[in-house]
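So the structure is just underneath, and the comments pick up after that.
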Amino acid sequence: MPRMRTLRPFPLTAEAFAPFGDVLDATGDFRLINAGLCQRHHDRATLDFGPQDGGARAGISIFQAQPRALPYSFDLIERHPEASQAFLPMTDHPFLVIVATGPEATPQAFLTSGAQGINLHRGTWHGVLTPLHAPGLFAVVDRIGPTPNLEEHRYTEPWTVLAP
C-alpha cells in the first residue's frame with residue numbers, strides 16, 4: 001500500500017516565500033497619492049520577462065480556475081524558465097500556493113490571507129492555480145511570446161495538502 005505524502009500549508013509571509021517569489025499585498029511602507037485618498041505600496045515585485053527579442057513581451061491575462069478543497073491532492077508541478085509569473089486574485093478569498101525548489105525536493109504549501117497575490121520568480125517550480133472558493137478569478141501577469149515557457153513534472157506518488 002503506498003504511503004500518503006502530506007503537507008500542511010503555512011501562512012503566506014514575505015520572508016517564508018522569498019526563495020520562490022514576492023508576496024503582493026498592501027502592507028508596509030506606502031506613499032499617499034490622489035489628493036491623499038489612496039495608499040500606493042510601490043514596486044512590490046521584480047517582474048522578469050527575459051530577453052525582449054523574438055517578440056516576447058509582458059502580458060496580462062484573466063484566469064478562471066475551478067475551486068478545490070482541502071485536503072487537496074496533486075501530482076503535477078510546473079515552471080516557467082523564461083519569465084516570472086504573477087497571480088493577482090480578483091476576489092478576497094484565500095488560495096493555496098504550492099512551490100518547490102525542484103522536482104526532487106519536498107514541496108511547500110502556503111495559504112494566502114485573501115488579500116495577497118504572488119509573483120513567482122523565473123524558473124520556480126509551482127503547483128497549478130488552486131483557488132479554494134468560487135469564482136477563482138485571477139489577473140495573471142506573465143510572458144507572452146513565440147517560444148515555449150512551460151516545463152512540467154509529474155510525481156510518481158501524489159502529495160496531499162491537509163487543512164492548516
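Residue numbers run from 1 in the order of the sequence given.
- Nearest heavy-atom pair, Phe138 versus Pro131, reported as atom, atom and distance to 0.1 Å: CE1-CB, 4.0 Å.
- Atom-to-atom distance recorded for Thr124:OG1 and Ile77:CD1 is 11.0 Å, nearest 0.5 angstrom.
- Considering CD of Glu82 and CG of Asp142, their distance stands at 11.5 Å, rounded to 0.5 Å.
- Contact of the Leu150 side chain with the His80 side chain is registered, since non-hydrogen atoms from C-beta on lie closer than 4.5 Å.
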For this session: Any chance you could lay out the side chain to side chain contact (heavy atoms under 4.5 Å, CB included) test for Leu132 and Leu111, step after step, and finish with the verdict?
Result: CA-CA 10 Å; Leu132 299 174; Leu111 189 60; 3.4 Å; yes
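- Distance check, rounded to the nearest 0.5 Å: OG1 of Thr156 to CZ of Arg5 gives 6.0 Å.
- Put simply, the side chain of Pro135 reaches to within 4.5 Å of the side chain of Thr91, judged on heavy atoms.
- If you check the side chains of Ser73 and Thr160, you find a donor sitting under 3.5 Å from an acceptor.
- Arg31 CZ to Cys38 SG: the interatomic distance, rounded to the nearest 0.5 Å, is 10.5 Å.
- No donor-acceptor contact under 3.5 angstrom links the side chains of Glu151 and His153, judged on distance only.
- A heavy-atom distance below 4.5 Å is found between the side chains of Gln39 and Leu32.
- A ring-ring contact (aromatic ring centres under 6.0 Å, His included) with Phe110 is found for exactly one of Phe95, Phe87, Phe17, namely Phe17.
- Using a 4.5 Å cut-off on side-chain heavy atoms (C-beta onward), Leu76 and Glu152 make contact.
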For this session: Apply the test side chain to side chain contact (heavy atoms under 4.5 Å, CB included) to residues His41 and Asp25: give CA-CA distance (whole Å), side-chain angles for both, the deciding distance (0.1 Å), then the verdict.
Result: CA-CA 8 Å; His41 297 264; Asp25 60 11; over 6 Å; no
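- Remark: Gln66 CD is loosely packed, at most 12 non-hydrogen atoms of other residues, nucleotides or ligands lying under 6.0 Å away.
- Pairing each heavy atom of Pro89 with each of Gly117, the nearest pair is CD-CA, 3.8 Å.
- The hydrophobic cluster containing Val99 also contains Phe10, counting ILVMFWY residues as joined when their side-chain heavy atoms lie under 4.5 angstrom apart, directly or transitively.
- Rounding to the nearest 0.5 angstrom, the gap separating the OH atom in Tyr155 from the CD atom in Glu104 is 8.5 Å.
- Hydrophobic clustering, with ILVMFWY side chains joined whenever heavy atoms are under 4.5 angstrom apart, groups Ile118 together with Val140.
- Here the side chains of Leu96 and Pro9 are in contact, with some heavy-atom distance below 4.5 Å.
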Exercise. Do Val23 and Thr13 pass the side chain to side chain contact (heavy atoms under 4.5 Å, CB included) test, and can you show the C-alpha distance, the side-chain angles, and the key distance before you say yes or no?
Worked result: CA-CA 7 Å; Val23 174; Thr13 66; over 6 Å; no
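- At least one test fails for Arg68 against the ring of Phe74: distance under 6.0 Å to the centre or angle within 45° of the axis.
- Looking at Arg8, its side chain never comes within 3.5 Å of a backbone N or O of Val161 through a donor-acceptor pair.
- Minimum heavy-atom separation, Thr112 to Gln116: CA-OE1, 3.3 Å.
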For this session: Go through the steps to decide whether Gln85 and Asn119 satisfy the test side chain to side chain contact (heavy atoms under 4.5 Å, CB included), and finish with yes or no.
Result: CA-CA 6 Å; Gln85 187 177 44; Asn119 178 59; 5.7 Å; no
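- Summarising the geometry of Leu7 relative to Pro107, their closest heavy-atom pair is CD2-O, 3.3 Å, with the distance given to 0.1 Å.
- Leu12 is connected to Phe20 through a chain of hydrophobic side-chain contacts under 4.5 Å among Ile, Leu, Val, Met, Phe, Trp and Tyr, so both are in one cluster.
- A continuous path of Ile, Leu, Val, Met, Phe, Trp and Tyr side chains, each step under 4.5 Å between heavy atoms, connects Phe63 with Val97, placing both in one hydrophobic cluster.
- Residues Ile60 and Leu88 share a hydrophobic cluster, clusters being chains of Ile/Leu/Val/Met/Phe/Trp/Tyr side chains in contact below 4.5 Å.
- Summarising the geometry, atom CD belonging to Glu78 is positioned 9.5 Å from atom CG belonging to Leu129; distances are rounded to the nearest 0.5 Å.
- Counting only heavy atoms from C-beta outward, the side chains of Ile144 and Phe49 never approach each other to under 4.5 Å.
- Of all heavy-atom pairs between Ala18 and His121, the closest is O-NE2, 3.4 Å.
- Within the structure, every pair that satisfies the salt bridge (charged side-chain N to carboxylate O under 4.0 Å, His left out) test and touches residues 109-135, not counting sequence neighbours, is listed here: Asp48-Arg122.
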